[in-house]
Protein chains: 2
Amino acid sequence: MPKSTTHPNPSHEALAVVLQVRGFVLQVLLWERAREPFLGAWSLPGGRLEHGETLERSIRRHLAAKVDVRDVAHLEQIETLSDPGRHPERWLVATAYLGLVPAHVDPRVPADTAWHPVDELPSMAFDHGEIALAGRERLRAKLSYTNIGFALAPPSFTISELRALYRAALGHDVSATNLQRVLLRRRVLEPTGDTRAPGRTGGRPGAVFRFAAAGLEVTDQFAVLRPPDSR
Amino acid sequence: MPKSTTHPNPSHEALAVVLQVRGFVLQVLLWERAREPFLGAWSLPGGRLEHGETLERSIRRHLAAKVDVRDVAHLEQIETLSDPGRHPERWLVATAYLGLVPAHVDPRVPADTAWHPVDELPSMAFDHGEIALAGRERLRAKLSYTNIGFALAPPSFTISELRALYRAALGHDVSATNLQRVLLRRRVLEPTGDTRAPGRTGGRPGAVFRFAAAGLEVTDQFAVLRPPDSR
DNA sequence: GCAAAAGTGTTGTGTCTACACCCATGT
DNA sequence: ACATGGGTGTAGACACAACACTTTTGC
């Protein structure tokens, strides 16, 4: 049995794919590297896991340096990457998280940090490009069977506004009619009772809705092969 | 900035929830601990991540000591656990995998290793009980929207045989009629053309099927909010 | 013939998309 | 009045569950 000193442990970092719909486009928060390797390339925010903290606490701590953490409405683990070649010099394991920021906030970010459309990623450091895309896919999948939209939307909104968010996140058009019906049938949305005044150009005032729950819930379980007579 | 020596890295281990349907019951491969902490309690197979290997290679290497790795038909990452208190003495991060063994093989396992029904777990070490249940839930979820059954089933089988596997894995009854229709409609199964002779007690010979694909495929994407006119 | 097991026909239900139409507002 | 955007009604497609019924075998 080898002595433990001959087998050091990997460094472990937490990374976050922080997504927000900004200007009708799904964007990811990136950080421009100031040193080699990948000097000048963009990377996901994150950093080292310290003794005594969980990965989730760690990513929250690192994100605090980039955005107001209270603005992150949802955070979930995506995947842990361990390819020995993912960092050219060191042995570095990374656990990636998905973070979502609602559209109504505009967090102040440091000068070396900026939002980029997920569909037009700049030159990315390490494997961070693939991780960002994995985050986008996780969001897209969960939009269709959970209430995860709550983490992209402001506290209240009209169906049109919500539709714009879904369209940006999903990358394809979404019918306002069907979006409303699906989310109401599942009781994901509920009307606030208010209406939103129309713009200069007129139009009927839109009803205002909110998400019924503040945390992630699965809303479309057992699509098939459900237990018998579970209606 | 603290020196790196004052901040050691965590040990990192890979664990596996290896599931197989044995005797009409979903069972998990467990390993009886021979030393403290948790002496005599049962734990998931796995072990230390070594330099130069990925987590997946690592779990395959550790599993090789318990089962013939070629018997593991599917392996996927579940989650990484990082609670500092999950090990009473050391700082130990664990990445859990789900492994599936088809029902037709009976791997030779060492004396300290045994299969246990997932629904009646023995006294478990660390957080391994929760991890085992998370593995079961991952399997159950994927049974309903992917072809993951291929990793539980033998190369060919009748619908009755497949139904028994699904019932054991899902934990509730499954209608053979509907199982057949769902999996054929999705082209997850295909007939081999053969039939299986009935038992002593008679009955119509059953048609023999196989899974159409050997790897994991999502078969029920876009349950809702799919792109317009994507039929 | 009878029991047992496999497989098909059929009906009902629920969910979703698409599209036509109606509603409420500003100019 | 009319343009604009919001909302409802409705029909069709589809997938699924449930159950009755038929088919094929052993005894």
Side-chain angles (χ1 to χ4, degrees), chain A residues 24 143-146 156-167 170 172-209 218-231, chain B residues 143-147 156-167 170 172-209 218-231:
Chain A
F24 304 102
L143 278 172
S144 88
Y145 69 93
T146 73
S156 71
F157 44 82
T158 64
I159 295 296
S160 298
E161 292 161 0
L162 188 64
R163 170 165 95 128
L165 298 178
Y166 271 72
R167 175 162 38 189
L170 289 171
H172 61 75
D173 201 8
V174 174
S175 145
T177 300
N178 296 330
L179 182 65
Q180 181 183 41
R181 285 208 265 236
V182 167
L183 297 182
L184 283 177
R185 182 170 37 225
R186 296 180 174 181
R187 309 200 177 242
V188 169
L189 298 186
E190 58 190 23
T192 65
D194 298 340
T195 60
R196 183 88 86 225
R200 300 142 197 73
T201 162
R204 178 170 165 177
V208 177
F209 295 84
V218 173
T219 59
D220 193 26
Q221 219 157 15
F222 296 132
V224 74
L225 302 177
R226 68 163 181 267
D229 266 321
S230 62
R231 269 166 299 181
Chain B
L143 277 173
S144 89
Y145 68 95
T146 72
N147 66 344
S156 70
F157 43 83
T158 64
I159 296 296
S160 298
E161 292 161 359
L162 189 64
R163 170 167 96 129
L165 299 178
Y166 271 72
R167 177 162 38 188
L170 289 170
H172 62 76
D173 200 10
V174 174
S175 144
T177 301
N178 295 330
L179 182 66
Q180 180 183 44
R181 284 207 265 238
V182 167
L183 296 183
L184 284 176
R185 184 172 32 229
R186 295 179 175 181
R187 309 198 178 244
V188 169
L189 297 186
E190 58 189 25
T192 66
D194 297 340
T195 61
R196 184 88 85 225
R200 301 142 196 73
T201 162
R204 176 169 167 176
V208 177
F209 295 84
V218 174
T219 59
D220 193 27
Q221 219 160 14
F222 296 134
V224 74
L225 301 177
R226 67 161 183 267
D229 267 319
S230 61
R231 266 166 303 180

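- Rounding to whole angstrom units, CZ of residue A:Phe157 and C1' of D:dG5 are separated by 18 Å.
- For the pair B:Leu225 CG and C:dC16 C1', the interatomic distance rounds to 10 Å; values are reported in whole Å.
- In this structure, CG of B:Asn178 is placed 16 Å from P of C:dT11, rounded to the nearest angstrom.
- For B:Arg196 and D:dT24, the shortest distance from a side-chain N or O to OP1 or OP2 is not below 4.0 Å.
- For B:Arg186, counting side-chain heavy atoms from C-beta on, the closest listed nucleotide (D:dC16, C:dT17, D:dC19) is D:dC16.
- For A:Ser175, the side-chain contact (heavy atoms from CB on, under 4.5 Å) partners are A:Thr177, A:Asn178, not counting sequence neighbours.
- Rounding to whole angstrom units, CG of residue A:Asp173 and C1' of C:dA18 are separated by 13 Å.
- Scanning both residues, A:Leu179 and B:Leu225, for their nearest heavy atoms gives CD1-CD2, 3.8 Å.
- Within the structure, the salt bridge (charged side-chain N to carboxylate O under 4.0 Å, His left out) test picks out the following pairs touching residues 189-199 of chain A (sequence neighbours left out): A:Glu161-A:Arg196, A:Glu190-A:Arg210.
- Between the CG atom of B:Leu179 and the C1' atom of C:dT8 there is a distance of 16 Å, given to the nearest Å.
- Residue B:Ile159 contributes atom CD1, which lies 20 Å from atom P of D:dT23 at whole-angstrom precision.
- Residue side chain A:Arg185 does not reach the base of C:dG14 through any donor-acceptor N/O pair under 3.5 Å, judged by distance alone.
- Listed by residue number, B:Arg200, B:Gly202, B:Gly203, B:Arg204, B:Pro205 are the residues of residues 200-209 of chain B with a heavy-atom contact under 4.0 Å to DNA chain D.
- Of all nucleotides listed (C:dG9, D:dG26, C:dA18), C:dG9 comes nearest to the side chain of B:Thr177.
- Judged as a ring pair (Phe, Tyr, Trp, His ring centres under 6.0 Å), and not counting sequence neighbours, B:Phe209 has no contacts.
- Residue A:Leu184 contributes atom CG, which lies 12 Å from atom C1' of D:dT8 at whole-angstrom precision.
- Atom NE2 in B:His172 sits roughly 11 Å away from atom P in D:dA18 (whole-Å rounding).
- Residue A:Arg181 places its side chain closer to D:dG9 than to any other of C:dT8, C:dT25, D:dG9.
- Side chains of A:Thr158 and A:Arg163 form no contact here, defined as non-hydrogen atoms less than 4.5 Å apart.
- Evaluation of the side-chain contact (heavy atoms from CB on, under 4.5 Å) rule for A:Thr219 yields A:Asn147, A:Arg186, A:Val188 as partners, not counting sequence neighbours.
- B:Ser160 comes within contact range of the sugar-phosphate backbone alone, with a heavy-atom separation under 4.0 Å but no base atom that close.
- Partners of A:Phe157 by ring pair (Phe, Tyr, Trp, His ring centres under 6.0 Å), not counting sequence neighbours, listed by chain and number: A:Phe211.
- Summary of the strand contacts: A:Ser175 and B:Thr158 both lie near DNA chain C, and taking for each the nucleotide with the nearest heavy atom, the more 5' one is attributed to B:Thr158.
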